[in-house]
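As structure tokens, the structure follows; a few thoughts come after it.
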Amino acid sequence: ATSKRRPKRRSEPPSSFLRREQKERMAGDRKIGVALDFSSSSKRALQWAIDNLLDPGETLIVLHVVRPKSFFLGGGSKLSSDARPLIPLTERRELDLMKSYDLDVDSDVHDMLEAASKQKEAKIVMKLYMGDAREKLCEAAQELKLDSLVMGCRGLTQIQRIFLGSVSNYVLSNVSCPVTVIKDTNFKRR
């Protein structure tokens, strides 16, 4: 009895099948978005994106959504409902500037971004939004024309997702680009 061998599947379509625009996009100009709320799961997602997706010369856009209550309590923020600045990595180094945007400077995140910038020669910026994280992340993906979005997941139970709402579930269902959800290391199936 002879056995038939299956041909190996190609991990990529032959270049003849790729459109010219796709080939041009593959040359290192992808825009990768990472949702960051400074939780352990979002930091893990950032590290995963740097290690597994970010190639030399590409753009990493760190997306941070600020809840509206912080704007009504403190007052001194540079953000308004209209202003959503892109903050280059060089400005993230300035402590006073980051505080003016109502952002804490997280040394772990700062170190990850600095290393990615140097080692991968990537362009790294932060984009701030104010509002509901679910809607703003979908808006960001479309507005910035992201090629991919990476985000963390808190590992909520099904009941918690119903009452609290899962940002990752909402984004997966409504965003216009591929999404990778990185589970927290403390995630336990319930």
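- The side-chain contact (heavy atoms from CB on, under 4.5 Å) check on Gln142 picks up Ser176, with sequence neighbours excluded.
- The minimum heavy-atom distance between Cys177 and Ala141, with the atom names listed, is SG-CB, 4.0 Å.
- Taking each heavy atom of Ser42 and Ala35 in turn, the nearest pair found is CB-O, 3.7 Å.
- Heavy atoms only, all atoms of each residue included: Leu54 and Ala116 are closest at CD2-CB, 4.2 Å.
- The nearest pair of heavy atoms linking Glu58 to Ile32 is OE1-CD1, 3.7 Å.
- With values rounded to the nearest 0.5 angstrom, Glu114 atom CD is found 11.0 Å from Gln119 atom CD.
- Atom CG of residue Leu146 and atom NZ of residue Lys31 lie 7.5 Å apart, to the nearest 0.5 angstrom.
- With sequence neighbours excluded, no residue forms a side chain to side chain donor-acceptor pair (under 3.5 Å) with Asn174.
- Remark: Val171 engages Leu137, Cys138, Leu149, Met151, Val167, Val175, Val179 in a side-chain contact (heavy atoms from CB on, under 4.5 Å) (not counting sequence neighbours).
- A chain of hydrophobic side-chain contacts below 4.5 Å, direct or via other Ile, Leu, Val, Met, Phe, Trp or Tyr residues, connects Val109 to Leu53.
- When all heavy atoms are compared, the tightest approach of Met126 to Leu36 is CE-CD2, 4.4 Å.
- By the side chain to side chain donor-acceptor pair (under 3.5 Å) test, Lys43 pairs with Asp106, sequence neighbours left out.
- No path of Ile, Leu, Val, Met, Phe, Trp and Tyr side chains, each step under 4.5 Å between heavy atoms, connects Tyr170 with Val66, placing them in separate hydrophobic clusters.
- More than 12 heavy atoms of other residues, nucleotides or ligands sit less than 6.0 Å from atom NZ of Lys120.
- Distance check, rounded to the nearest 0.5 Å: CG of Asn52 to OG1 of Thr180 gives 9.0 Å.
- Cluster annotation: Leu144 is connected to Val65 through the hydrophobic network of ILVMFWY side chains, with a link wherever side-chain heavy atoms come within less than 4.5 Å.
- Counting all heavy atoms, side chain and backbone alike, Leu63 lies closest to Gly33 at CD1-CA, 4.4 Å.
- The distance from the CG atom of Leu46 to the CE atom of Met112 is 5.0 Å, given to the nearest 0.5 Å.
- Among Leu60, Val34, Ile124, the one residue that satisfies the side chain to side chain contact (heavy atoms under 4.5 Å, CB included) test with Ile50 is Leu60.
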